[in-house]
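Note sheet for the following structure.
Just so it is clear, the values below take in all heavy atoms, side chains as well, and ignore hydrogens, waters and symmetry mates. Here the structure is a predicted model, which means the values were calculated and not measured.
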Number of protein chains: 2
Amino acid sequence: MRRSNDDAASEPGGDLLPDAADHARQYASVRRAHETELIEDYVELIGDLLAAEGEARAVDIARRMGVRQATVTKMVGRLSELGLVKSLPYRSIFLTDQGQAVAERSRKRHVVVLQFLRAIGVSDATARIDAEGLEHHVSDETLEVMRRFIADLQ
Amino acid sequence: MRRSNDDAASEPGGDLLPDAADHARQYASVRRAHETELIEDYVELIGDLLAAEGEARAVDIARRMGVRQATVTKMVGRLSELGLVKSLPYRSIFLTDQGQAVAERSRKRHVVVLQFLRAIGVSDATARIDAEGLEHHVSDETLEVMRRFIADLQ
DNA sequence: CGAAAAACTTAGCTAATGCTAATCTCTTTA
DNA sequence: TAAAGAGATTAGCATTAGCTAAGTTTTTCG
Ligand SMILES: [Mn+2]
Ligand SMILES: [Mn+2]
Ligand SMILES: [Mn+2]
Ligand SMILES: [Mn+2]
């Protein structure tokens, strides 16, 4: 029944072990982000390819994601079931309205995170790599802080 | 053979679609982070529990992680195979030297990210949530920038 | 046109991470 | 000290995300 030091959050420097329920919510939040992360990356990439090339082919998605075509086919099937994507066999992939919305939102967030990293002095190459992972774990509140930070620099 | 606009990276505001190989490396980097992410969180949590309570029991890990005990048992088995943890059936879990090192490194990084978020104006509650996910995608370079940012504020 | 090449799909496999239900072991307490 | 309760484990299932190998369809080109 070991119950001793709790409320580590209130201790000076007690940044570890917050209240157990809150702690669990933190991890749950991360798990939730992981569920949508890949979906967002695929949809965002498809949107970028559509904007840049006019079409999004599985080969190109595979090359950019660094995965096999079979993996892309399977993922596109999932995106289709989720109503984010419209695709016919052996044809280019397109975004539904819902997919467009997701792509737009992801793209904006990605750009803010990338610009923020550069703004605080991270090199472009590193900023790009880090942004690709960080973007999915940035809350609206933090995103807004980043946006302000960038704006204040002008 | 649609080959048209490349080197988006060099365009003004071209923050989308970098060189394909680089782009693939970005995603690969994220995938790599995801492989170690959970491991780091478990090991870090076990370290924190050992420090705070003297022992790390599966119940407590389960409660804090917000998962079932069966999930913890399985994960501890994996950590054990990885040589990060030492455990006997029905007994507390301990860290190996290697595990200690991982825990230490993770803890330090986590704290820097948390303090950085607070430093730029994110609320404590949000900073805690975001840090739990962000920490795993922060490169050494970015971490150093964050550290300097915090230090310069004193 | 008709082959060869490229693109795409399908089937079947693996690993990671979660779950529930059932069981086992240990600890507490009446 | 024996039952009850708490903690831990095991077995079996589902989902996600990747892979290879084998086939299909479409496109390119001699
Ligand atoms: Mn992105
Ligand atoms: Mn991403
Ligand atoms: Mn952590
Ligand atoms: Mn974490």
Nearest whole angstrom, please: distance from the [atom2] of [N] to the [atom1] of [X].
X: B:E55; N: C:dT27; atom1: CD; atom2: P; answer: 10 Å
X: A:L38; N: D:dT15; atom1: CG; atom2: C1'; answer: 13 Å
X: A:R32; N: C:dG18; atom1: CZ; atom2: C1'; answer: 15 Å
X: B:I61; N: D:dA8; atom1: CD1; atom2: P; answer: 9 Å
X: B:I39; N: C:dA15; atom1: CD1; atom2: P; answer: 15 Å
X: A:M75; N: D:dC19; atom1: CE; atom2: P; answer: 13 Å
X: B:R31; N: C:dT14; atom1: CZ; atom2: P; answer: 21 Å
X: B:H34; N: D:dT16; atom1: NE2; atom2: C1'; answer: 13 Å

Plane angle bin for A:F149 and A:F116 - parallel if under 30°, tilted between 30 and 60°, otherwise perpendicular: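 Perpendicular: the ring planes of A:F116 and A:F149 meet at over 60°.
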Short side-chain N/O contact to D:dG18 OP1/OP2 from A:R68, under 4.0 Å: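 No, outside the criterion.
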Contact under 4.0 Å: B:T71 side-chain N or O vs C:dG18 OP1/OP2: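 For C:dG18, OP1/OP2 do not have a side-chain N/O of B:T71 under 4.0 Å.
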Check nucleotides 8-10 of chain C for protein N or O atoms closer than 3.5 Å to its own N or O atoms and list the pairs.
| unit_1 | atom_1 | unit_2 | atom_2 | d |
| --- | --- | --- | --- | --- |
| C:dC8 | OP1 | A:R57 | NE | 2.6 |
| C:dC8 | OP1 | A:R57 | NH2 | 2.9 |
| C:dC8 | OP2 | A:A58 | N | 3.4 |
| C:dC8 | OP2 | A:V59 | N | 2.7 |
| C:dC8 | O3' | A:Y90 | N | 3.4 |
| C:dT9 | OP2 | A:T73 | OG1 | 3.1 |

Side chain to side chain contact (heavy atoms under 4.5 Å, CB included) partner of B:D41, the single match among B:E132, B:R64, B:M75: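 When B:E132, B:R64, B:M75 are each tested with B:D41, the side chain to side chain contact (heavy atoms under 4.5 Å, CB included) holds only for B:E132.
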Carboxylate-amine/guanidinium contact A:R147 A:E144, below 4.0 Å: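 Looking at A:R147 and A:E144, the cut-off is met.
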Pairs where residues 107-122 of chain B contributes a residue and the test side-chain hydrogen bond (donor to acceptor under 3.5 Å, both in side chains) is met, not counting sequence neighbours: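 Only A:D15-B:R118, B:E40-B:R109, B:E44-B:H110, B:E104-B:R107, B:H110-B:E135, B:R118-B:D124 qualify under side-chain hydrogen bond (donor to acceptor under 3.5 Å, both in side chains).
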All pairs passing side-chain hydrogen bond (donor to acceptor under 3.5 Å, both in side chains) where residues 88-103 of chain B contributes a residue, at least two apart: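 Checked against side-chain hydrogen bond (donor to acceptor under 3.5 Å, both in side chains) - neighbours excluded - no pair reaches residues 88-103 of chain B.
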ILVMFWY cluster, A:V43 and A:V67 together (side-chain gap under 4.5 Å):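 Same cluster: A:V43 reaches A:V67 through Ile, Leu, Val, Met, Phe, Trp or Tyr contacts under 4.5 Å.
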